[in-house]
Amino acid sequence: MLRSLHIDPQKCTGCLQCEMACSYENEKVFNPAKSRIKVFNFHDEGRFVPYTCTQCAEAWCLHACPVEAITKNKLTGAMEVADSVCVGCKVCTIACPFGTVNYNETTGKVIKCDLCGGDPACAKACPTAAITYVDANFTGLERMRAWAAKTSAGARA
Amino acid sequence: MNRYVIVGAGPAGVIAAETLRDTDPAGDVTLIGDEPERPYSRMAIPYLLIGKIGEEGTHLRKAQTHYDSRGIRVLRDRVERVDAGARRLFLASGGAMDYDRLLVCTGSRPLRPPVPGIDLPGVHTCWTLDDARHIAARAAPGARVVLVGAGFVGCIVLEALALRGVHLTVLEMGDRMVPRMMNPTAGGLIKRWCEGRGVRVLTSTRVAAIRAGAAAPLQVVLDGGEVLDADLVVSAAGVAPNVEFLQGCGIDRERGLLIDHHLQTSVPGIYAAGDVAQGRDFSTGGLEVHAIQPTASEHGRIAALNMAGVPTEYRGSFNMNVLDTLGLISSSFGLWMGVPGGESVEMVDAERFRYLQLQFDGERMVGATAVGLTQHVGVLRGLIQGGVRLGPWKAQLLRDPLRLMEAWLARNFTAQAA
Amino acid sequence: MRVTVKLYATLGAWLPPGAVRNVAPFELPDGSSVAEAIERLGVPPGQVHLVLVNGQFVAPEARAGRRLAADDALALWPPVAGG
Amino acid sequence: MAWTRKILRVNLTQGTCTPEALNMAWARDYLGQRGLASKYLAEEIDPRVDALSPDNKMIMTTGPLTGTAASTSSRYSIVTKSPLTGAIACSNSGGFFGAELKNAGWDMIIFEGRAPAPVYLFLHNDRAELLSAEAIWGRSVWETDHWIHQRHQDPQIRVAAIGAGAEKGVLFAAVVNDLHRAAGRSGVGTVMGSKNLKAVAIRGELGVGNIRDPEGFMKAVVDAKAVLAGNAVTSAGLPTYGTQVLMNVINEMGAMPTRNWREIQFEGASAISGEAMHEPRASDCKPNLVRNAACFGCTIACGRISTIDPSHFTLRGEGRDRYKVASGGLEYEAAWALGSDTGVSDIDALTYANFICNEHGLDPISFGATVAAAMELYTMGVLTQAHTGGIALDFGNAEALCTLAELTGRGEGFGLEIGLGSKRLCARYGHPELSMTVKGQEFPAYDARAIKGMGLTYATSNRGACHLRSYTVASEVLGIPVKTDPLATEGKAELVKAFQDATAVVDSTGLCVFTTFAWTLADIQPQVAAACEGDWSMEKLAEVGERIWNLERQFNLDAGLTAADDTLPPRLLKEPANTGPAKGHVNELDQMLPEYYRIRGWTEDGRLKPDLRERLGV
C-alpha cells in the first residue's frame, strides 16, 4: 500500500525535531539549513507549518531534469535524486512550483525529500504526530494533489 | 495503427516518444535525430566541459535498451524535406517515410554573428557534444579565451570555461550581463561577482573582427579598437530555429513554428514542441519561443497526448531560467520586467550578492528575479503560475519580499489542509 | 455534608455542575474519605497525583484513611510541574 | 566532541573579532555552557571589577548538546558579573538563538571592553562583523529585531537584543532573543548595554556534526525522548498548561507570595492561572492562549503563545497594532510577579505587561517585584504621586502596572527608579527591610515560610534569590522525585545541595532544566557520554556539578560577598505567614544554613575549605 507524509500544522509546536532528523538521516549532521522538510513560522499568528515535497503526480522536477537524475521509486512513490547522475543544473529547483527541491552548494547537487526510502525520519522524530507517514488514500494527499493539478501547466484532458 | 514520427531527439522528442508509447501502445513510434550520439541534453554540456560528468552523463536516458525495450525506433538520420499533403518525409540517407502524425522538435542552432573571421579555426560555438570536444581540446588551463555573448547560453558556457582555469574575457553587446533574464541591478551584481573571480567582462561591447594573430592564434578586435589575444574564441550570440526542411509545407512561423492550444502547427497533422516552437506564453497569453528544458518537456508531453488522440489543452509555457555564474546562482520567472501599472518590490543586498525583486499585477505576482538565493525559489513559479491571490500577503511581501514560502503556505497549503 | 472540590488542569473535565473557575460545591455522605470523594467525582484514581485538603498534602497511601469534614476544600491535580 | 571547539572573542573597544580554540582541559572539568563560561569568566576578570565597566566581560555560551537532536537542545546562557547583585550571573534562555550560534560553528562568544559607539554583532557562520547600531540605539527589542531582519533580509536570522532600559542602566534588563525568550535574570542585559552592544544577530548553516558516537547518541536521544513522552508532566501538563499550571497549586497550599510578601495567598490567583488562559473571553470568544510552542529541539513545548483581549484598555489608542498579535504569553513566575505580588488579577493587563517586558527587555520577576515593593512604600505614604509622576501605586492597580512597564522599559521617568530594583529603591526611601531580595535580586514565586527548602535555596543561590538554582519545590510540593514535607527543615540542606549540583550540570549541557521533571541525571548522562569525548560517567557529572557550584561561590567570595549575604529579608524570618497550612510559620534559615555549609565542606563563615578546593581544583 502506498503511503505518504501527512502534515497537520495544527499539531506542530515548531520544535524542528523533523529538520534535525532529516539533516541527520541524509547529511549526517544536525543542521536545519540542510533539511528537506522545513517548518515555517507564522509568529504573529502563533502558527507553525511543516512543509516538504508531496511527491506530486505531476513530478515537475522529474520531467524538468535533463539527465534523468530524478526518478520515481515504484515502492514508495517518491521522486528520488540520484546523486551520481545529477549535474547540478538546478532546473528542477525552479521547475518545482512548491519550492521543495533545493540546491546544496556544498555538494553541487540538488536535494529533495525521498521519504527516506520508505521510513521517513521526520515522522519518527515528530513528538506531536504533526507529521505522520500514513496510507496515501488518507484525504490530505489527494487534496494537495488536486491542487497541484490545478496549477498544472498542461491542463488535464 | 497510427504512425508517429518525431523529428529531433532532444528532451521534447524523447518525452514525446515515451508519452506516445504510454498513451497509444499499439502505435508505431519513430524518433529521428541527426547527431551520432544517443539522445542527449545540451543542458549537460557545461558539466561535461568541467569534467563533472562523462559523455554518457549527458544522455537523456541512461539505460542502453531504453528505446528498444519500449518499442521506440531511433533513427540516426536527417530529414531533408516534408510533403505535408502526402504526409511523407524524405531522409538524407535516401529513404522516405510516411506518417499519420509528425512532431517537429528540431530545436535551434547557434547563429554565427556577421563578423569577419567568425569562421576561422579556433572560433567555436558551444552547442553540440562535438563542439564541446573541440572546446575542451583548446581550453587548457591558462589558455586565453574570448567568449562572445553573455546571454543565458553564454553565461552557462562562461561557468564551464572559467572552471577550466582559462584566462577569460567576456564580451556582451548589451549594457549588462544576461540582459534578457536580468534587470540592470541583477545583471550588474552578476558582472561584479564574475569580475571578482578573475573574469574580465566588457558590456556594451561589439566585436569588429576576428583575425589570425602572430603572438596568439587569434586576435579579437573590439569596436573601440582594443585587440585581445586569444587561443580560443567561443561564440554564443543567439540561436535560430531548425526549420529549413519544412520549406514548402506552408507552416505559419515567426521566430519559431506557430502552434495552437494543442501544439499543432497551422498544418494539420504536424505538431511542434520545444525550442523550435512558438507557443502560448502563460504570462502574456501571446506566442513566444521559450527555449528552456521545462517547456521542452511539457511541450513534448502535451503534443504527444494530442497526437495520440487525447485532446489536451496547453495552458502556456512559463518563462523561467536558472543560472550559475561561478557559484552565484540567479533565476528569473515570468514577467520579471513587470507590467504597466503593476507594483514591485526590490531587496538589494549588494555586499552579499543577494537580490530579489517581485512584480505584481493587482493582488497576483507576475514575475520575479532572484540572485544569490537558492532555497525554495521554485515557489516563485508556484505563486506566479498558480495565479495565487495574495490578499493580505501582498502587503506582507511588499514589506518583506523573502517571506515567499509563508505567502504560499498561507494562501494555499494551510487553507487546503486546515 | 457539603465540601468544596477544586479540580485543576486536565482533571477539570470531571468538575461537577455549578463549577466556577475549577471550583465547585459537592455533596458527600458525612465522614467520607478522600478516596471516596475521588470515586464519587468519577476521576480515575490513576490520574490523581497531588491531593490537598485545605492546602495540606495527603499522601496517596493516606487517601483512604483521611476523612473529610463539612466545608473542607479538596483540591486535586494530575501530575503537574512548572516553574 | 559535540563542542565546536571554537570561541569567538569580540573586543568591542578595538572592534575586533578573533576566533580561538576552546580550552579543552577546562571543558573536561566544566562540560560547557554555565560551567565552562563561568570558568572563563573567573579566569579572565577580576571578581571585584565594576560590573558595568569595560573591564567586565559578557559570555554568550552554548552547551555541548545545544543544537543537537537531543530534546530541549535550545539552551544558551549569558555569563557575566551582575550589576544587580555584584555576584556571578548566569542567565539561561531557550528559543532558537543558542542553537543558531552553535550552527554557526561556535561554542561561545566572549565580549570584552566597550564599543566607542553603539554596535551589533552580525555573525554568519565564520564571518563576524561589528556593525553600527546608531540607528536602533534607544529602540525596543522588537524594533531592533525587525530592523535587523529588514537590513539583512533573511528571515532565518536569529536575534538577541536589549531594549532602551538596558542602555539607560535599568539594573534588571534582560537579553531577549527570538522576540520573547529571555536571558532574564541578574541584569545581563544591563551589562550588554554598558558595552554599547545593542544586539547579536546570527545565521548558522554549518550544523552540529561532531558527535563522538553518533549511533549511540541517537539511541540515547530516542530513549530520553521516550521518557519525556511517557511522563504525564512533560507530555501533558506542561504542553497544555505551561508553567502556569502551578498558580493554583502554590496558592492552594498557601505558598503564594502576595502584595510584596505581606500575604501568602492571592484571592485573584485562579483568574490569572494556566487554567484561566484556556477560558474563552467574552469579547471575542477566544482564549488568552493561542497555542503552546516549543523552543529548538524541545519535545515538551511548554511555551505560551497568547493574545490580549481586543477590548482591553491596553489595546486602545494609536500605535497598538504590535500588541494585537500573538506573542509570548505568561509563564508562572511572570504571572506571579506581575500579578499576585502587585495584587493585579487582570490577566490581560499581565499579558500586556509581559509583552512589554519582552519588547523592552526587562526581567518580569524583578520588575514586578520592584513594583510590588514600590506599592507597599506608596501604601505606607513613603512614596507619593509627587515621586511617581502622578501614578497611583495602589496594590491591584492594573493601569499603573502597565504604565510602569512602559516607563521602565523605555528608561523614562519613575521607571528609572523602578529600574534600580527593589533593594536600591527601598534603601533610597529608607525601608531596606521591605525589599524582598537576596544579594539584591528579587525573589521568584514561592514563599519560603511555606516551602522551607526554598528559603535555603534563595539564601545560598550564587546569583541571588532564584528558584532555578535548586528547585526543591519539585520535591517539597510536587513529589518529584520524592515527596518531602514543605514545612520541615530536616534534610533540606542535603536536598538543596543535591538540587544545586545536579542543576549546575543540566545548565552546562545545553539542555533545559524542565526535562528534570521527568529525567534524572541518569537519563542525561548517556546523551552527554555519547556526544562528548572523555569520561562522562555519573560520578564525573556529579563532581562537575559540585565543581561548578564551588567555582561560582569562590567567584562571589573573591568579589567581596560573605556569609552575611546568605540570608533572607526579615519579613521571611520574623513575620509569620497569616493564612493556609503555613499559618504561623517563618523560615528557619538558621536551622538549615550551618548544616548546609557543613555538607558543602565549607567553613562556618561559608568559605571553601582547602581540601575541598584541592579535590575540585577550584
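In this text, all values refer to a predicted model and were calculated from it rather than measured experimentally.
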Side chain, backbone, both or neither: which part of [X] has a non-hydrogen atom closer than 4.5 Å to chain A?
X: D/Lys324; result: neither
X: D/Val208; result: both
X: D/Ala226; result: neither
X: D/Arg322; result: neither
X: D/Ala301; result: side chain

What's the separation between atom CZ in D/Arg291 and atom CD in A/Glu45, rounded to the nearest 0.5 Å?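 Nearest 0.5 Å value for the CZ-CD distance: 12.0 Å.
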
To the nearest 0.5 Å, atom CZ of A/Phe30 lies from atom CG of D/Leu206 at 15.5 Å

Heavy-atom pair with the smallest gap, counting every atom of A/Gly46 and D/Val290: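 So the two residues come closest at O-CG1, 4.2 Å.
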
Using a cut-off of under 4.5 Å on heavy-atom pairs, state which of A/Cys15, A/Ala33, A/Gly14 scores highest against chain D.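 Looking at each of A/Cys15, A/Ala33, A/Gly14 in turn, A/Cys15 comes out on top.
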
Winner by heavy-atom pair count (cut-off under 4.5 Å) against chain D, out of A/Val29, A/Leu16, A/Asn41, A/Asp44: A/Asp44

Quick check: do A/His43 and D/His180 have side-chain heavy atoms less than 4.5 Å from each other? yes

Looking at side-chain heavy atoms only, is the closest gap between A/Tyr24 and D/Phe217 below 4.5 Å?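 Not in contact.
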
For A/Lys11, is it the side chain, the backbone, both, or neither that has a heavy atom closer than 4.5 Å to a heavy atom of chain D? backbone

Could you tell me which of [options] has the largest number of non-hydrogen atom pairs under 4.5 Å with chain A?
options: D/Gly297, D/Ala293, D/Ser306, D/Ser71; answer: D/Gly297
options: D/Ala99, D/Gly67, D/Ala69; answer: D/Ala69
options: D/Val221, D/Leu179, D/Asp178, D/Ile305; answer: D/Leu179

Counting neighbours of NZ on A/Lys28 that are heavy atoms of other residues, nucleotides or ligands and sit closer than 6.0 Å, is the number greater than 12?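 Yes, NZ of A/Lys28 has more than 12 neighbouring heavy atoms, counting only those of other groups under 6.0 Å.
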
Quick check: are there more than 12 heavy atoms from other residues, nucleotides or ligands sitting under 6.0 Å from NE2 of D/His278? yes

For chain D, which residues of residues 99-117 of chain A have at least one non-hydrogen atom nearer than 4.5 Å to it?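 Contacts with chain D: none.
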
Close contacts, residues 118-128 of chain A versus chain D, judged by heavy atoms under 4.5 Å: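 Near chain D, by residue number: A/Ala125, A/Pro127.
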
